[in-house]
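One structure is given here, and the rest of the page talks about it.
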Protein chains: 4
Amino acid sequence: MKSNKPKYQQIIEAAVKVIAENGYHASQVSKIAKEAGVADGTIYLYFKNKEDVLVSVFEEKMGQFIDKIAKATSEQANANDKLKVLIEMHFSQLEENPDLAIVTQLELRQSNYSLRLQINNVLKAYLRVIDEVIEEGMKDKQFRSDINPALIRQMIFGTLDEVVTNWVMKDRKFTLVDQVDEVHKFLTNGLKA
Amino acid sequence: MKSNKPKYQQIIEAAVKVIAENGYHASQVSKIAKEAGVADGTIYLYFKNKEDVLVSVFEEKMGQFIDKIAKATSEQANANDKLKVLIEMHFSQLEENPDLAIVTQLELRQSNYSLRLQINNVLKAYLRVIDEVIEEGMKDKQFRSDINPALIRQMIFGTLDEVVTNWVMKDRKFTLVDQVDEVHKFLTNGLKA
Amino acid sequence: MKSNKPKYQQIIEAAVKVIAENGYHASQVSKIAKEAGVADGTIYLYFKNKEDVLVSVFEEKMGQFIDKIAKATSEQANANDKLKVLIEMHFSQLEENPDLAIVTQLELRQSNYSLRLQINNVLKAYLRVIDEVIEEGMKDKQFRSDINPALIRQMIFGTLDEVVTNWVMKDRKFTLVDQVDEVHKFLTNGLKA
Amino acid sequence: MKSNKPKYQQIIEAAVKVIAENGYHASQVSKIAKEAGVADGTIYLYFKNKEDVLVSVFEEKMGQFIDKIAKATSEQANANDKLKVLIEMHFSQLEENPDLAIVTQLELRQSNYSLRLQINNVLKAYLRVIDEVIEEGMKDKQFRSDINPALIRQMIFGTLDEVVTNWVMKDRKFTLVDQVDEVHKFLTNGLKA
DNA sequence: TATGAATGAGAATTCATTCAT
DNA sequence: TATGAATGAATTCTCATTCAT
């Protein structure tokens with residue numbers, strides 16, 4: 001967390017709301033400022049520029065998202081259970097924060113290359129959590145030993161990401177957490193020794 | 001294919017090249033026109049607006065992409081083999097067309113919501129191909145019967161898409177088709193009866 | 001002259017008028033465009049940016065100013081007469097174009113360093129004309145031989161420039177060309193052998 | 001001198017330094033406050049607004065500049081000697097204070113019309129000193145009697161000012177006081193009876 | 001006196017699209 | 001069909017100034 005100043009958090013929350021409601025390209029700085037209840041110029045006391053606001057939204061929100069998942073998996077005894085909790089937490093956290101889901105799955109992906117790179121950088125922490133689960137599964141023989149961990153991690157992340165994106169694009173008409181078991185079964189079957 | 005007029009194709013090809021080289025946001029209509037060797041205004045004789053150019057790029061290129069995959073899978077005898085060929089074709093086609101891969105995996109995703117919807121519409125044809133493979137696999141007992149086909153389709157597509165995106169973002173430093181066997185094994189294991 | 005396109009000249013003339021009437025800092029691009037009867041964007045078809053408009057104003061107008069003085073001095077037989085004509089032309093041209101006088105003596109001097117450098121570059125042509133008169137005067141013994149030509153040139157230019165600036169700042173309440181004889185006498189006395 | 005309060009002087013000195021180092025347009029109030037070691041708001045306890053700071057810089061510094069020249073000329077016995085001392089003092093004071101020279105010759109001239117008027121007002125005291133020398137020279141027949149004193153004063157000031165500006169713009173690569181004799185000779189020759 | 005966080009007005013520039021030729 | 005000059009709407013960021021403390 002970059003700052004505990006209340007205005008910093010206000011602006012972050014306002015940005016999520018404005019982007020979720022208006023879409024990436026219609027989210028002007030002035031709109032975010034108004035939603036946050038501050039003057040346009042105040043944004044620039046807390047952020048370098050507009051891109052910095054967007055990156056910070058991702059850092060703050062995904063940071064918490066990832067921390068919770070990392071904590072929850074660490075409390076599980078084996079790789080299969082860890083993977084189960086990871087899927088559960090991934091789905092439930094986004095299901096509980098529809099605005100955040102819209103922002104991360106749809107809107108922020110419309111950003112330019114520079115922002116995409118910074119977003120990917122934040123995601124690395126999540127990919128490492130997945131990597132650790134895979135490693136543990138291989139060591140404990142829950143997963144096959146002939147897998148390419150990096151490729152598997154891409155497939156796990158791609159699977160989860162696509163399911164969530166689909167759910168958002170279908171206007172969240174089905175329940176995400178209800179899919180956990182089947183997704184988990186698919187992934188563990190794909191991996192089992 | 002919307003049109004066989006040579007200028008129509010010229011503009012499509014120019015758009016792919018310009019977007020791959022400059023990125024989505026730096027691909028102005030005037031740049032595409034110049035690359036295509038026509039005047040700016042001429043673009044509007046063949047396309048309704050800029051978005052229509054981009055949608056058409058996706059339609060033309062993904063249309064061919066999907067047709068080839070549909071044809072190849074139809075020539076295979078069972079679901080497992082069909083899935084194998086689908087992965088092979090998905091990877092090999094994009095590996096052979098790096099410009100197209102950059103455009104579809106990275107650049108066109110920066111587009112606005114309206115364009116994304118139209119892109120998804122084009123993708124439906126591909127998703128139907130995947131659906132047919134899944135159905136056949138279930139019917140022939142190669143795949144489990146307790147799966148949710150729609151969810152499985154999302155996971156398969158998400159897996160392939162993420163692997164390709166990763167390959168593009170890593171500047172295509174590894175060989176995509178070398179991953180086919182492992183991806184196929186992962187998916188069929190996840191699905192097998 | 002950079003261009004003969006009519007719009008180019010329209011914009012130059014509009015800029016002179018707008019700057020003379022509103023002052024440097026209140027001369028927005030949109031105001032110049034409106035005065036020129038073109039759209040804001042049209043300015044950018046003919047000029048790289050706002051600074052380029054201002055530099056071009058100076059280049060065009062001072063270019064003509066200097067050309068006329070160079071031609072007139074070349075038609076005089078000796079250094080004293082050349083200096084006389086130079087002063088006459090310097091004063092009369094600005095007296096006949098009050099807007100231009102305001103722009104060159106007051107407004108464009110408020111510009112930033114980059115523009116000032118480019119303005120100085122244009123002025124070099126004028127300084128060379130003065131230098132040639134000084135050289136001829138020294139060669140023909142009309143002027144003393146113990147002078148530092150560069151210093152003398154600065155003093156001549158400084159003298160003329162200050163007199164004109166004063167005239168502009170005093171709202172042009174006296175007649176500039178009436179001062180020619182006395183200025184000429186002062187300068188030639190200061191220089192005579 | 002408006003004030004003897006130490007902070008007033010601190011701010012004046014800071015403004016000269018900041019403007020000399022950063023240029024007029026990059027000299028924000030906050031930068032001057034930081035250099036002076038005070039808070040932004042403190043500036044407004046001592047000055048009405050930013051323009052007032054800049055005017056005060058000119059008043060303070062040029063006030064001292066002019067006082068010294070007035071005192072030095074008053075100690076000379078005749079107009080020619082007074083003019084000599086005036087030139088000497090004009091050049092030497094600016095040569096000894098390069099920051100001040102940059103500020104008065106280049107940076108403050110980029111200011112708006114209102115500030116220029118106030119600067120000219122300060123300069124009037126200097127112009128009166130020049131006027132007195134001219135009057136004395138005419139009365140004592142060292143200078144011609146057929147001159148227009150106001151015009152001559154403009155030419156003298158223009159000459160000195162242009163020479164100093166040139167010296168500053170050429171990055172002070174030559175020695176200003178070495179030019180005193182030639183400038184003096186040029187001016188007195190131009191004026192002598 | 002002194003602080004410094006907050007304010008909010010203001011302007012250059014881009015580029016998709018049009019339309020007279 | 002084809003051209004390309006012209007259009008004009010739309011938005012980020014800076015910085016002088018204020019005022020509650």
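Letters A, B, ... are given to chains in the order of the sequence lines, protein chains preceding strands, and every chain is numbered from 1.
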### Task
Just compare dT13(E), dG4(F), dC13(F) and give me whichever is closest to any side-chain atom of Asp40(A).
dC13(F)
### Query
Where the side chain of Gln28(B) is defined as all heavy atoms beyond and including C-beta, which of dC15(E), dG8(E), dT14(E) is the nearest nucleotide?
dC15(E)
### Query
Is a donor on one side and an acceptor on the other found under 3.5 Å between the side chain of Lys31(A) and the backbone of Ala26(A)?
yes
d([atom1], [X]; [atom2], [N]) in whole Å:
| X | N | atom1 | atom2 | answer |
| --- | --- | --- | --- | --- |
| Tyr24(A) | dT11(F) | OH | P | 13 Å |
| Tyr44(A) | dG10(E) | OH | P | 18 Å |
| Phe47(D) | dA16(F) | CZ | P | 15 Å |
| Lys34(C) | dA11(E) | NZ | P | 14 Å |
| Lys48(D) | dA16(F) | NZ | P | 16 Å |
| Leu45(C) | dG8(F) | CG | C1' | 12 Å |
| Asn49(D) | dC15(F) | CG | P | 17 Å |
| Ile43(B) | dT18(E) | CD1 | C1' | 14 Å |

Respond yes when some side-chain nitrogen or oxygen of [X] is under 4.0 Å from OP1 or OP2 of [N], and no when none is.
| X | N | result |
| --- | --- | --- |
| Tyr46(D) | dA2(E) | yes |
| Lys7(C) | dA6(F) | yes |
| Ser30(D) | dC15(F) | no |
| Thr42(C) | dA6(F) | no |

### Task
Would you check if Leu45(A) and Lys7(A) make a side-chain contact, meaning some heavy-atom pair closer than 4.5 Å?
no
### Query
Any side-chain heavy atom of Phe47(D) within less than 4.5 Å of one from Ile12(D)?
yes
### Position toward the 5' end of DNA chain E (nearest nucleotide), Ala26(C) or His25(B)
Ala26(C)
### Message
Regarding Val29(A), tell me which of base, sugar-phosphate or nothing describes its non-hydrogen contacts under 4.0 Å with the strands shown.
### Response
sugar-phosphate
### Parallel, tilted or perpendicular, as decided by the 30° and 60° cut-offs, for the rings of Tyr126(B) and Phe65(B)
perpendicular
### Summary
Of Ala39(B) and Lys50(A), the one whose closest nucleotide on DNA chain F sits nearer the 5' end is Ala39(B)
### Message
Under 3.5 Å for both donor-acceptor distances, Watson-Crick or wobble: does dT21(E) have a partner, and if so which one?
### Response
dA2(F)
### Query
Among side-chain atoms of Glu13(A) and Gln10(A), is any donor-acceptor pair under 3.5 angstrom?
no
